[in-house]
Amino acid sequence: MRSFIGKVVSNKMQKSVVVAVERFKTHSKYPKVVHSTKKFMAHDESNDCSMGDQVRIESSRPLSKRKHWVVTEVLRKARIFNIDDTKRPAAAAAAATAAAAAASAAGAGVGGAGGAGVGAGRTAAAIEAALAAQSASTSSHSASSL
C-alpha cells in the first residue's frame, strides 16, 4: 500500500480530514528543486486529528467520491496556543482598571506628563479609557467656548 506523511489542513467534516502532502523533486531539464503540494481527503474514524497535526495516510478502497485514503497514525500533534484575555487573574484586571481611572482622574492623557504614554506598560483597556476621558474633556471645552 502507498503511504504519505502530510499535515492536516482541514478537519471541518465528520470522520474526514484534508491532508496536504508536500513533495520536493529536482527538475529533469533545469537543476532546480521544485516544490509541489497535493491535498488528499482521508478517513479519520476516531475524529482525533486537528488542524496542523502531522499524520500518516495510506491508500484504501474508495470510501466516497473523493476519499480513497485512511489516517493510520498521528505522528505529531499541533501546538496551538489560545491566548485569551479573560483568563487573566482578577487582581491584574482590577489593577489595570484602577490605573486607567487614576490616569484619567489626574488628567494625564495619552501623551501626558510623567511618561505615561502609549508604550509605558499600560494595557489596551487603560489606553482606551484614557482616550475616552481625553475626548470627553476636549468636547466639553469646545462646547463651553462657543
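- In this structure, Ser10 OG and Met51 CE are separated by 6.5 Å, a value rounded to the nearest 0.5 Å.
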Give the table of side-chain donor-acceptor pairs shorter than 3.5 Å for residues 24-31, with sequence neighbours excluded, one pair per line with atom names and distance.
unit_1	atom_1	unit_2	atom_2	d
His27	ND1	Lys29	N	3.1
His27	ND1	Tyr30	N	3.1

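- Glu58 has no carboxylate O lying under 4.0 Å from a charged side-chain N of Arg2, or vice versa, which leaves the two without a salt bridge.
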For this session: Carefully, step by step, assess Thr37 and His35 under the rule side-chain contact (heavy atoms from CB on, under 4.5 Å).
Result: CA-CA 7 Å; Thr37 303; His35 167 262; 3.4 Å; yes

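- At distances below 3.5 Å, not a single donor-acceptor pair connects side-chain atoms of Ser59 with backbone N or O atoms of Met1.
- In this structure, Asn47 CG and Met13 CE are separated by 10.0 Å, a value rounded to the nearest 0.5 Å.
- Through direct or relayed side-chain contacts under 4.5 Å between Ile, Leu, Val, Met, Phe, Trp and Tyr, Leu63 connects to Val70.
- Here the NZ-CZ distance, from Lys67 to Arg61, works out to 10.0 Å after rounding to the nearest 0.5 Å.
- Hydrophobic side-chain contacts under 4.5 Å tie Val74 into a cluster, directly or through other members, with Phe4, Val8, Val17, Val19, Val21, Phe40, Val55, Ile57, Trp69, Val71.
- Between Lys15 and Asp44 no salt bridge is recorded (no basic side-chain N to carboxylate O distance below 4.0 Å).
- Of the inter-residue distances, the one linking Cys49 atom SG with Glu73 atom CD reads 10.5 Å to the nearest 0.5 angstrom.
- The 12-atom threshold is not exceeded at NZ of Lys38, counting heavy atoms of other residues, nucleotides or ligands nearer than 6.0 Å.
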